[in-house]
Amino acid sequence: MLLVWLGQRDSQRAEYLADELAAKAGGSAAAASMLDAFLLSDAIEMVVRREARAGHGPDRWRIAADEARASAAASLPAMRQLSVRDRASLFASHPPQGLRSRMIRERQSHAAAVTLTEARLERIDSELTRHYERIVRDISWGG
């Protein structure tokens with residue numbers, strides 16, 4: 001049991017390190033926003049599924065996800081706090097999203113070292129087109 005506990009603590013430290021690296025790469029604001037998206041994953045997944053079932057592609061998925069995030073913005077502080085209370089455990093492999101978000105927000109702010117331009121986004125989308133099509137099929141057929 002001691003080995004499991006020690007291993008889980010290392011896993012949690014690795015998560016905090018990954019968050020710090022994300023903040024250095026994409027900027028602190030983007031890293032914190034990513035962690036908030038994890039808190040809202042159920043709502044985001046629901047709207048993406050809805051758009052996929054309606055036959056819309058990734059552009060509309062992003063818009064719907066942004067709308068879901070905007071509508072939940074006022075409740076995010078409470079959701080962060082709730083995650084700290086509900087998900088904190090010595091035996092958890094991941095620290096609570098609220099603590100991870102707090103660490104990013106309270107540490108030294110980093111500017112983005114890497115930015116995503118529209119041209120890069122279009123190139124990535126074109127490379128992922130066949131995967132997007134598979135996702136739409138999987139969702140439409142009952143996923």
Side-chain angles (χ1 to χ4, degrees), residues 4-143:
V4 170
W5 178 74
L6 290 173
Q8 298 296 38
R9 297 301 301 156
D10 282 343
S11 179
Q12 289 185 3
R13 278 191 290 277
E15 289 291 329
Y16 287 124
L17 177 59
D19 295 341
E20 181 66 17
L21 293 173
K24 288 179 179 178
S28 295
S33 178
M34 171 193 69
L35 293 168
D36 287 344
F38 292 160
L39 277 173
L40 300 171
S41 62
D42 290 341
I44 291 171
E45 181 182 351
M46 181 186 68
V47 297
V48 168
R49 283 182 181 277
R50 181 193 67 210
E51 295 302 320
R53 285 188 177 121
H56 300 294
D59 290 340
R60 185 61 195 134
W61 301 352
R62 284 187 201 96
I63 292 168
D66 289 344
E67 290 169 353
R69 292 175 73 172
S71 69
S75 62
L76 272 172
M79 292 177 75
R80 290 183 199 120
Q81 185 61 35
L82 183 62
S83 80
V84 171
R85 291 182 181 173
D86 284 352
R87 304 194 186 228
S89 169
L90 293 175
F91 301 104
S93 61
H94 292 66
Q97 301 300 338
L99 281 179
R100 293 172 67 188
S101 179
R102 185 184 310 160
M103 292 284 281
I104 294 296
R105 292 179 199 303
E106 291 180 358
R107 285 186 174 175
Q108 176 186 356
S109 182
H110 298 286
V114 179
T115 56
L116 181 63
T117 63
E118 283 298 319
R120 281 185 182 169
L121 180 60
E122 288 174 12
R123 215 168 57 231
I124 291 168
D125 276 345
S126 70
E127 290 178 21
L128 295 175
T129 297
R130 66 185 172 100
H131 298 290
Y132 292 150
E133 292 167 354
R134 181 185 49 80
I135 290 168
V136 169
R137 276 194 315 272
D138 289 351
I139 289 172
S140 297
W141 292 348

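Worth saying up front: this structure is predicted, and the values here are computed from it rather than measured.
Legend: salt bridge (charged side-chain N to carboxylate O under 4.0 Å, His left out) pairs involving residues 72-92, not counting sequence neighbours, sorted by first then second residue: D36-R80. Within the structure, salt bridge (charged side-chain N to carboxylate O under 4.0 Å, His left out) pairs that include any residue of residues 115-128 comprise R62-D125 (at least two apart or interchain). Sorted by first and then second residue, the ring pair (Phe, Tyr, Trp, His ring centres under 6.0 Å) pairs involving residues 10-57 (not counting sequence neighbours) form an empty list.
For A52, the side chain to side chain contact (heavy atoms under 4.5 Å, CB included) test picks out W61, V136, I139, with sequence neighbours left out. For the salt bridge (Lys or Arg N to Asp or Glu O under 4.0 Å) test, residues two or more places apart in sequence or in another chain that qualify with R60 are E51, E67. Not counting sequence neighbours, the partners of A112 by the side chain to side chain contact (heavy atoms under 4.5 Å, CB included) test are T115.
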Can you give me every donor-acceptor pair (side chain of residues 24-35, partner residue at least two apart or in another chain, under 3.5 Å) with its distance?
from, atom 1, to, atom 2, distance (Å)
S28, OG, H110, N, 2.7
S33, OG, R69, NH2, 2.2

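L82 has its side chain out of reach of L39: every pair of non-hydrogen atoms, C-beta onward, lies at least 4.5 Å apart. Considering only heavy atoms from C-beta on, L116 comes within 4.5 Å of I124 through its side chain.
In terms of heavy-atom proximity, P77 sits nearest to A73 at CD-O, 3.8 Å. Of all non-hydrogen atoms in I44 and A65, the two that sit nearest each other are CG2-CB, 3.9 Å.
Ion pairing of R137 with E133 is absent here, as no side-chain N (NZ or NE/NH1/NH2) approaches a carboxylate O to less than 4.0 Å.
Screening R13, R102, R100, R105 for a salt bridge (Lys or Arg N to Asp or Glu O under 4.0 Å) involving D19 leaves a single residue, R100.
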